[in-house]
Engineer: 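Sharing a structure, written as structure tokens. Questions coming.
Residue numbering restarts at 1 for every chain, and letters A, B, ... go by the order of the sequence lines. Quantities reported herein were computed from a predicted structural model and do not represent experimental measurements.
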There are 2 protein chains.
Amino acid sequence: MPKTLAKAPQKSRIQHQNQAVILKAALEVFSAYGYRGTTVDQIAVKAGLSKPNLLYYFKRKEDIYVAVLEHTLEEWLKPLRMLDVGGDPFIELTRYISEKLDMSFANPPASRIFANEILHGAPHIQKFLKGPLRELVEEKVKVIRHWIAAGKIKPIDPPHFIFAIWAVTQHYADFSTQVEAVLGSADGKAQVKLAVAEILLRGLKN
Amino acid sequence: MPKTLAKAPQKSRIQHQNQAVILKAALEVFSAYGYRGTTVDQIAVKAGLSKPNLLYYFKRKEDIYVAVLEHTLEEWLKPLRMLDVGGDPFIELTRYISEKLDMSFANPPASRIFANEILHGAPHIQKFLKGPLRELVEEKVKVIRHWIAAGKIKPIDPPHFIFAIWAVTQHYADFSTQVEAVLGSADGKAQVKLAVAEILLRGLKN
DNA sequence: GAAGCTCTTGACCATTTGATCAAGAAATAA
DNA sequence: TTATTTCTTGATCAAATGGTCAAGAGCTTC
């Protein structure tokens with residue numbers, strides 16, 4: 001069986017599995033302690049591997065971080081992609097808010113590692129922000145403008161409205177510590193969804 | 001001149017000045033690189049002092065961080081404190097939003113160091129969150145309930161409404177990198193204020 | 001079962017970094 | 001001036017940490 005010309009990029013079963021384990025462990029640790037606050041050993045322990053073994057799969061600490069980040073970005077865009085110009089604005093936006101909140105509740109570490117990255121100037125994902133993210137926002141801004149032009153919702157500044165949705169929904173992941181401390185006990189997810197949708201969408205009615 | 005019993009807590013002129021210089025430098029560095037990402041030397045250089053000299057004023061790195069954080073929290077509460085039940089809801093809330101946005105624009109590092117602290121579980125300010133902050137929120141929740149009961153604004157979930165204001169206003173400090181990347185060029189401050197106030201407050205009218 | 005590749009790890013290294021300290025400089029008080 | 005306190009720093013240390021490496025264990029394939 002001759003080796004093919006290009007380096008075989010096919011991963012073995014064990015490789016695939018260990019990388020997944022590492023990425024999962026790394027997400028938790030990085031999101032909890034930040035990039036510098038995380039040690040390679042912490043990730044290795046959480047992944048159940050030795051440090052050199054971990055560095056066999058990812059040469060450098062930064063490589064792990066970037067892999068985790070990229071893995072997270074994909075999921076991040078999905079809900080927004082589905083915003084459909086053909087649908088009813090309130091159903092579409094309610095669904096979008098609901099899904100973003102579900103993500104915040106289900107996977108706070110993903111939201112936090114992303115928040116942390118941007119908080120520190122987004123050194124690893126500038127291209128993502130100025131490229132795919134920007135294009136997607138521009139596309140969805142058109143959707144909102146279309147709804148406004150069609151008289152389906154009241155006029156609103158579309159990009160800032162999208163920012164507002166992001167800010168509020170991710171707040172429940174990134175700042176959950178504060179939310180819980182202030183509320184005493186966290187409100188139910190359904191209740192939060194209702195409240196947030198009401199706050200963000202009622203101004204669009206009529 | 002006999003020494004008084006208690007340790008003299010009075011600071012000399014030079015002490016006062018150097019501590020201020022250190023806190024200012026530390027805020028910038030901590031907010032940019034996080035706690036672990038910041039080295040004492042970085043702060044010292046930015047403050048124009050030698051590292052041992054800096055550690056003469058603050059024994060441990062953590063002491064500097066805590067001092068910066070506490071110094072920031074004070075300012076953080078001010079705008080909310082001024083929310084007045086006697087005033088017109090829309091004027092009061094518009095002013096609050098405007099002031100929070102001014103803070104975000106004028107001093108992003110302050111917002112970011114706070115965000116970073118909460119993002120990582122708020123290990124140093126649990127007491128603040130569960131104490132003064134919570135009490136203040138409870139007080140202002142009453143103000144909003146009062147406005148609702150008086151028919152001055154439409155019903156809304158008060159605590160989550162406060163969270164929404166925080167989330168959106170601080171978004172422009174904490175996520176300014178993303179905002180600018182997506183918008184291309186940052187919108188003017190006045191324009192942002194208008195858009196945000198509209199998004200958050202229009203749902204309360206009628 | 002032998003060869004060859006993949007995977008794993010204990011030991012180790014170089015650098016970074018928070019923190020200390022003794023000794024001297026500068027300010028302040030007598 | 002002299003004495004005392006405050007301030008400053010070069011030199012240094014110990015611990016933490018990212019990363020390396022050689023040697024061995026484990027799979028896979030023929």
Engineer: Here's one to test your reading of the geometry: is the NZ or CZ of B:Lys100 within 45 degrees of the ring axis of B:Phe105 and under 6.0 Å from its centre?
Structural biologist: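 No.
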Engineer: Check whether the side chain of B:Lys51 and the base of C:dG18 form a donor-acceptor pair under 3.5 Å.
Structural biologist: yes
Engineer: Does a nitrogen or oxygen in the side chain of B:Asn18 sit under 4.0 Å from OP1 or OP2 of D:dT8?
Structural biologist: yes
Engineer: Measure CG/B:Leu55 against P/C:dT17 and give the value in whole Å, please.
Structural biologist: 14 Å
Engineer: Under 3.5 Å, is there any donor-acceptor pair linking the side chain of A:Lys61 to the base of D:dG19?
Structural biologist: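 Side chain to base: no pair present.
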Engineer: Can you tell me the distance, in whole Å, between the CG atom of B:Leu54 and the P atom of C:dT20?
Structural biologist: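 It works out to 13 Å between those atoms.
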Engineer: State which residues pass salt bridge (charged side-chain N to carboxylate O under 4.0 Å, His left out) with A:Glu75; sequence neighbours excluded, sorted by chain then number.
Structural biologist: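 Per chain and number, A:Glu75 pairs via salt bridge (charged side-chain N to carboxylate O under 4.0 Å, His left out) with no residue.
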Engineer: Please confirm whether the shortest side-chain N or O distance from B:Gln15 to OP1 or OP2 of D:dT6 is below 4.0 Å.
Structural biologist: no
Engineer: Is the terminal nitrogen or CZ of A:Lys140 (NZ for Lys, CZ for Arg) located under 6.0 angstrom from the six-membered ring centre of A:Phe161 and within 45° of that ring's axis?
Structural biologist: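 Judged by the rule, A:Lys140 and A:Phe161 form no cation-pi pair.
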Engineer: Would you indicate whether B:His124, at its atom NE2, is surrounded by more than 12 heavy atoms from other residues, nucleotides or ligands within a distance under 6.0 Å?
Structural biologist: yes
Engineer: Does B:Lys193 form a salt bridge (Lys or Arg N to Asp or Glu O under 4.0 Å) with B:Asp102? I'd like the steps, not just the answer.
Structural biologist: CA-CA 9 Å; B:Lys193 279 189 187 180; B:Asp102 281 335; 2.9 Å; yes
Engineer: To the nearest Å, give me how far apart CD1 (B:Ile14) and P (C:dA25) are.
Structural biologist: 16 Å
Engineer: Roughly, in whole Å, what's the span from NZ in B:Lys59 to P in D:dC7?
Structural biologist: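 Rounded to whole Å, this separation is 11 Å.
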Engineer: Remember a base hit wins even if backbone is also touched, and classify B:Tyr57 as base, sugar-phosphate or nothing at under 4.0 Å, heavy atoms.
Structural biologist: sugar-phosphate
Engineer: Apply the test salt bridge (Lys or Arg N to Asp or Glu O under 4.0 Å) to residues B:Glu138 and B:Arg134: give CA-CA distance (whole Å), side-chain angles for both, the deciding distance (0.1 Å), then the verdict.
Structural biologist: CA-CA 6 Å; B:Glu138 282 172 357; B:Arg134 182 174 174 177; 3.3 Å; yes
Engineer: Measure the distance from CZ on A:Phe58 to C1' on D:dG18 and round it to the nearest whole Å.
Structural biologist: 16 Å
Engineer: Which residues pass the side chain to side chain donor-acceptor pair (under 3.5 Å) test with B:Lys142, sequence neighbours left out?
Structural biologist: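 Testing B:Lys142 for side chain to side chain donor-acceptor pair (under 3.5 Å), a comparison that skips the adjacent residues, returns none.
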Engineer: When you check the phosphate oxygens OP1 and OP2 of D:dT9, does a side-chain N or O of B:Asn53 lie under 4.0 Å from one of them?
Structural biologist: yes
Engineer: Using a heavy-atom distance cut-off of less than 4.0 Å, which residues of residues 19-49 of chain A contact DNA chain D?
Structural biologist: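 Within this stretch, A:Thr38, A:Thr39, A:Val40 sit under 4.0 Å of the strand.
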Engineer: Output the rounded distance in Å from NE2 (A:His16) to C1' (C:dC7).
Structural biologist: 17 Å
Engineer: Less than 4.0 angstrom between a side-chain N/O of B:Tyr56 and OP1 or OP2 of D:dT8, yes or no?
Structural biologist: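 No, outside the criterion.
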